[in-house]
Amino acid sequence: MEKREDRLNPEEIDTLTERSGRQLPEEERRLIQDFYRLSENYRLENERSLDRIWIRLAQTQKPSLSLLENRQNEAGGKLLSMKGKSMETKDVSGEFAAALRTSQGAKQPGKGSRRNWRRRPGLDVAIAAALAIVLGWALLYAGSHAGTQIPATGGGSTKVGTGPQGTTGVIAQNGPRAPFCSFQDPNASIQANIEHTLSWSRRGEITTTSWNVDTYNVQTCRQVPALTNQQPTFAYWSPDGTHLLILWSQAQILDKTGQVLVTHTVTPGSVARVSTGYVPLVSLSGSGNANEASAWSPDGTRIASVYVTGTTYGVEIWSATTGAHQITLDCPANEYYGIRSIAWSPDGKYLTASAPQGSGICVWNASTGSRIVTIPGTTASESVAFSADSKELAFVRDSNIVIYNLASRHVMRTFAVADPYGSLSEVAWSPDGEYLAVGGQDLHVLKASTGSSIATYKSLARGTLIENLAWSADSTDVASQSADQQDAISTAFVNLWHVGD
Amino acid sequence: MLHDEKSLQDTLWLENSFLAELYQCHAPGLFAYAYRLLASREEAEDIVLDVFLGVLQNAQFAAFDREKQKSWLWTITRNKVVDCYRRSARRPLISIEWLAEPLYEDAALAPDQVSLKQEEYAQLFYAVKTLPEAQQELLRLRFGHDLKCSQIAPLLKKNESAVRSMLYRSLRSLRAILKKQEKGEK
């Protein structure tokens with residue numbers, strides 16, 4: 001037995017466990033064969049699942065293509081022919097088709113397949129054409145949604161602008177409880193429940209991400225083309241409003257004109273600065289490490305980012321100027337919930353993060369990295385915020401807002417907030433410390449000292465929870481972002497409100 | 001359903017496509033991931049379907065390099081699983097029974113051979129259950145989902161060599177346990 005173990009090494013293990021006719025030591029071969037036999041029913045069931053998904057995928061696409069085929073026939077041009085026949089590809093254009101061809105050209109050599117989605121020669125161009133047209137219809141659909149009516153309580157705005165860069169959002173006409181600016185950020189290119197971000201710069205831009213970046217000038221309610229793109233990123237303004245951090249497979253810091261000032265690679269344990277060019281994130285294995293929450297320190301010199309490695313979540317603080325890793329902070333999190341939000345105290349001394357279903361709320365000394373407080377939470381708290389004096393925390397617990405004093409380690413106040421959804425999702429403390437913005441299905445603004453309601457702004461999105469909140473620097477305005485996904489279009493809805501209107 | 005001629009026809013037009021290659025490369029791992037966390041075959045199938053529908057809708061996807069495509073697929077899948085997990089407000093059953101004694105395959109064996117084989121299966125079944133949960137999980141993914149180490153790596157958020165080492169250790173532990181069982185019987 002020992003001799004056989006000696007013959008094995010980790011590099012050979014994949015080969016060892018293949019069901020090939022390779023000559024293996026008898027006991028190894030029997031063990032692996034037994035494994036395959038014992039797991040056969042389960043494995044076959046999994047293969048049937050994959051077959052079912054594939055067939056459903058084909059069926060989902062086929063009606064659209066048939067419809068298109070009919071329309072093209074009516075128009076006198078046969079565009080598509082299904083079921084393996086060759087296709088004429090008249091008037092086939094579009095970004096996806098071109099990209100697809102490029103990608104197909106870069107395909108790795110095919111290898112044997114055991115399922116019915118295996119390769120069949122001669123259809124590549126046809127598929128590219130078909131997919132391009134499906135995409136075209138999706139984009140047309142998205143276009144048709146631009147300018148759709150959305151319900152607004154209390155009158156005021158009626159139309160929301162979307163679409164090409166430079167679009168103007170809605171500027172409220174008049175009336176109470178209407179946002180003074182609204183815009184939608186649809187993304188027809190994805191169908192996914194993605195994470196969104198919302199960040200309000202001190203200098204008057206507001207940026208939301210919905211698998212792209214969309215920036216609006218708050219005063220004019222007009223889109224800022226230089227800070228709007230289709231790259232899948234998450235965006236955070238620096239405290240002084242001069243720099244925009246965008247994160248995806250790399251971290252980039254942009255100036256206000258959209259010029260990339262610096263690019264960092266982001267890996268767990270290190271953020272390495274690179275001088276120029278695109279550097280892929282080699283460690284982005286699986287879930288992705290760079291797309292978790294991030295926050296600038298109040299002085300703009302440090303950035304805290306949530307990372308995940310293995311099933312372990314944590315927070316890293318890194319230098320915004322050099323990209324150098326500084327401190328790793330520990331806050332055990334639930335594998336599925338992770339760490340949902342992080343926030344610096346306004347004095348820069350502390351950092352807090354929420355790990356719902358895990359540790360709860362963690363608070364660290366941002367200089368030493370030591371965890372000074374852990375507030376266990378049996379229920380999810382996705383959001384946590386610091387008070388203006390850095391002495392208190394506000395977080396969500398079910399349908400309550402809890403105010404916790406860091407010095408005394410006690411809950412000071414609890415405010416119940418009645419929301420149509422039944423529970424709350426977000427909380428944001430105004431920079432002057434006076435108000436709490438609370439998100440559920442509606443946006444609630446409370447007096448932070450007493451919990452008394454200042455205003456409730458009814459949801460303008462299509463029945464979804466508010467995902468992000470942001471205050472203006474002068475604490476007079478607040479923005480809410482919610483998202484909706486319908487018909488393969490994920491749309492972020494952003495509404496800006498004057499508090500007290 | 002797979003053997004239904006019409007259903008099969010429906011799939012033909014997609015064969016050999018970019019999507020087919022992508023599906024073949026990533027769907028087994030994504031499905032295993034979703035199934036592992038949600039413990040619902042139906043929900044896992046729905047999620048993987050949604051993810052690939054998302055690919056069809058994504059204008060930029062094909063222009064991504066392979067690493068970015070992979071990370072996109074995993075990120076979307078993960079977000080959908082988390083979303084589903086939140087909505088259902090239930091905890092996943094990580095341990096799914098995946099080892100079951102095959103009945104038909106041993107039918108040709110003589111009764112005494114069948115009995116011997118059944119005993120070996122029982123020993124292996126018992127030995128697997130004594131392994132740490134992580135190693136059991138790895139064996140399930142390797143044999144139950146027929147995934148290669150490179151496909152398991154993103155699923156367990158480990159690098160490929162770590163998965164290989166872990167698989168190696170798991171098999172080594174198994175052999176040790178089986179050997180011990182054998183000695184105990186003697």
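As the structure is a prediction and not an experimental result, all values here were calculated from the model. Each chain gets a letter, A, B and so on, in the order its sequence line appears, and its residues count up from 1.
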Check your understanding: Would you call Leu57(A) and Leu19(B) a side-chain contact if the rule is heavy atoms closer than 4.5 Å?
Key -> yes

Exercise for review: Return yes if some donor-acceptor pair links the side-chain N/O of Arg140(B) with the main-chain N/O of Ser39(A) below 3.5 Å, else return no.
Suggested key: no

Point to revise | Contacting moiety of Phe52(B), where chain A heavy atoms sit under 4.5 Å | key: both

Practice item. Before giving the answer on side chain to side chain contact (heavy atoms under 4.5 Å, CB included), spell out for Ile53(A) and Asp46(B) the whole-Å C-alpha distance, their side-chain angles and the decisive distance to 0.1 Å. Key: CA-CA 8 Å; Ile53(A) 299 166; Asp46(B) 288 347; over 6 Å; no

Check your understanding: Between NE2 of His145(B) and CZ of Arg43(A), what distance do you get to the nearest 0.5 Å?
Key -> 11.0 Å

Check your understanding: Where does the angle between the aromatic ring planes of Phe35(A) and Phe143(B) fall among parallel (under 30°), tilted (30 to 60°) and perpendicular (over 60°)?
Key -> parallel

Check your understanding: Between OH of Tyr36(A) and CZ of Arg142(B), what distance do you get to the nearest 0.5 Å?
Key -> 4.0 Å

Review point. So Tyr42(A) and Tyr35(B), would you call those rings parallel, tilted or perpendicular, with 30° and 60° as cut-offs?
Key: parallel

Revision key, fill the gap. Distance col, row Ile32(A):CD1 vs Leu174(B):CG, nearest 0.5 angstrom, shows 10.5 Å

Practice item. Counting only heavy atoms closer than 4.5 Å, note whether Leu30(B) contacts chain A via side chain, backbone, both or neither. Key: neither

Practice item. Could you tell me the separation between the CG atom of Leu53(B) and the CZ atom of Arg56(A), rounded to the nearest 0.5 Å? Key: 9.0 Å

Revision key, fill the gap. d(Phe31(B) CZ, Arg52(A) CZ) to nearest 0.5 Å is 7.5 Å

Point to revise | From Asn46(A) atom CG to Arg41(B) atom CZ, the distance as rounded to the nearest 0.5 Å | key: 4.5 Å

